[in-house]
Structures are given as structure tokens and as C-alpha cells.
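What follows is a set of notes on a single structure, which appears directly below.
Residue numbers run from 1 in the order of the sequence given.
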Amino acid sequence: MDNPLSIEPLFHIGPVPITQPVVVTWAIMLALGVFSFVATRHLRIIPTKTQTVLELFVSTIEGQVRDVMNGDPKPYRALIGTIFLFILVANWSSLIPGIEPPTAHIETDAALALIVFVAILWFGIGTRGIKGYLATFAEPTWVMIPLNIVEQITRTFSLIVRLFGNVMSGVFVISIVLSLAGLFVPIPLMALDLLTGAVQAYIFAILATVFIGAAVAETPSPKPQEDISQ
């Protein structure tokens, strides 16, 4: 596997270089889009097997979001579900010979983390308003403003580093074993890579849910003290 920080372009569109991770990302987006269109084109009251699987997936996403945020999952299920599906398929694309998963390149992971960062701002401001959201940086006291700002930035970087490090290292190890041991020996490692890819997709989606949930959560108001004179 080549240096993940240095990617040779496959071709150019005008002055813009197009690399393999970009092409694979486009292919994954197209495949997921076509699959979603075909799978949801004829929904029925009595679900088919495919519709049952889709409903199970959606209800699972809703359950996870509801448990994490302790609120209505509907505004967030499309974003969280899409992030999970894309990362899952991207991670598993490493099983196709000659394909490196887009998530093994830091540019893709940075783009995903940026989406989460923008979603935090979008949902936070949409729920609390601009003043209310900015006021959260002064919680529990205004002295914490610099630390809360740094935390917001470092959380985004943690998403990038965690996903990039785990996926890239898995692909790198399998590439080395494959070059040394032949085709059949790495099969157990490839099965482990499937599990790792699913776990990393789940962790990224859950962390995104946690960060968005923290942005939209209402600050609990202090309980009124009872009148002891009564």
C-alpha cells in the first residue's frame, strides 16, 4: 500500500486532480443511491423481505439515536444512518482486489468529520438559537469558554484520527500478509477486517450522535427548593 498521505491522481477534470479514493467514493455514493431508490420504490403495508430488512435497519438506527440522545430520533436518523452505511461500505470495499477503501485516506475521514462538525452547528443552532448555542460554551462558567472551544475542535480531529488509523492500519497489515503468504492465509485476517470495518462505522456514527446530542440537549434547570416553613 502506498503512502496514504500522498496519492497519485488517476486523471484530471480541468485543473482538478481526481484520485482513486474520490472515484471509489463516487461509486459508493452512486451504488447506495441506486439501492435506496430501488429498495424504497414500492413500499407495501405488508412488507417484503427486503422491506423488512430495511425497516429493521431504520428502527435500529432510531433506537440507537433515541437511547443516546434521549429524544425524538427522526431529525437525525437520515444523517446518522447515511454516515454509518457509507463508512461501512467504504471499509468493506477493501475486500475488492485492487481497491483501497476511501476511509484509509485521511482526506475522506476529514470530510466525514467536517460533515459531523457542520451538523453539530446546524442542529445546535436550530434547537437553541445562535445565542443559546453560543451560551453553551460558557457552561458551567465563562472561565471554561477557551476549553470548550478547544474541545469542540479536538473532538472533530479525534473522529478523523480514530477512523483513519484503524482502517489504514488494517488494510496495511492485510497487504503485507497477502504479499508474503499468498492468497489463502490472509482469509482469517480479511474476516477480522470485516468485523473491524463494521465496528469502526458503528463507533463513528455513535460518536457523531453523542456530539450532536450534546449540542441539542437542554441544560437542566435547577429544581425549585421547597418551602420548609410549610
Side-chain angles (χ1 to χ4, degrees), residues 1 4-5 20-21 24-25 27-29 31-33 35-36 39 52-70 73 76-120 151 154-178 181 184-215:
M1 180 178 175
L5 300 179
Q20 186 193 65
V24 176
T25 298
I28 292 173
M29 292 168 58
L32 290 177
F35 172 78
S36 299
T52 301
V53 173
L54 292 176
E55 291 178 356
L56 178 62
F57 174 77
V58 172
S59 62
T60 301
I61 293 295
E62 286 188 346
Q64 291 292 319
V65 175
R66 184 182 294 107
D67 292 341
V68 173
M69 292 188 174
N70 197 25
Y76 319 104
R77 66 183 176 191
L79 175 65
I80 302 301
T82 301
I83 287 176
F84 174 78
L85 271 181
F86 174 81
I87 296 177
L88 180 66
V89 176
N91 290 347
W92 286 359
S93 66
S94 62
L95 300 178
I96 302 175
I99 298 296
E100 295 176 4
T103 44
H105 296 272
I106 199 167
E107 296 87 350
T108 304
D109 303 328
L112 290 168
L114 181 61
I115 291 174
V116 175
F117 179 78
V118 172
I120 292 171
E151 180 190 18
T154 55
R155 288 191 307 187
T156 303
F157 278 100
S158 71
L159 289 174
I160 299 172
V161 174
R162 180 182 290 104
L163 184 59
F164 169 70
N166 284 282
V167 177
M168 186 270 294
S169 61
V171 174
F172 188 70
V173 169
I174 290 178
S175 300
I176 293 177
V177 176
L178 184 61
F184 295 103
V185 174
I187 289 179
L189 290 178
M190 296 173 69
L192 179 62
D193 193 44
L194 281 174
L195 177 61
T196 302
V199 170
Q200 292 305 317
Y202 175 78
I203 290 175
F204 193 100
I206 285 296
L207 288 177
T209 306
V210 170
F211 297 157
I212 295 173

Going by atom type alone, with no hydrogens or angles, which donor-acceptor pairs under 3.5 Å involve a side-chain atom of residues 203-211 and a protein atom two or more places apart or on another chain?
from	atom 1	to	atom 2	distance (Å)
Thr209	OG1	Ala205	O	2.8

Notebook entry, point to check: Which pairs pass side chain to side chain donor-acceptor pair (under 3.5 Å) with one or both residues in residues 79-90, sequence neighbours excluded?
Noted result: none

Check: For Gln20, what residues pass the side chain to side chain donor-acceptor pair (under 3.5 Å) criterion, not counting sequence neighbours?
Finding: none

Check: For Asn91, which residues count as a side chain to side chain donor-acceptor pair (under 3.5 Å) partner, sequence neighbours excluded?
Finding: Thr103

Checklist line | Contact list for residues 77-95, test salt bridge (Lys or Arg N to Asp or Glu O under 4.0 Å), sequence neighbours left out | finding: Glu62-Arg77

Next item on the list: Supply the atom-to-atom distance Leu114 CG to Leu159 CG, rounded to the nearest 0.5 angstrom.
Entry: 11.0 Å

Item checked: Pairs meeting criterion side chain to side chain donor-acceptor pair (under 3.5 Å) with involvement of residues 155-165, two or more places apart -> Gln152-Arg155

Check: Got a sec, which residues hit side chain to side chain donor-acceptor pair (under 3.5 Å) with Glu55, two or more places apart in sequence or on another chain?
Finding: Gln51

Check: Does Ala110 have any side-chain contact (heavy atoms from CB on, under 4.5 Å) partners at least two apart in sequence or in another chain, and if so, which?
Finding: Ile160

Margin query: Could you measure the distance from the CG atom of Leu88 to the CD1 atom of Ile83? Nearest 0.5 Å is fine.
Written below: 13.5 Å

Next item on the list: Please name all residues satisfying ring pair (Phe, Tyr, Trp, His ring centres under 6.0 Å) with Phe84, sequence neighbours left out, ordered by chain then number.
Entry: none

Next item on the list: Check side-chain contact (heavy atoms from CB on, under 4.5 Å) between Thr52 and all other residues, then give those that pass, not counting sequence neighbours.
Entry: Pro47

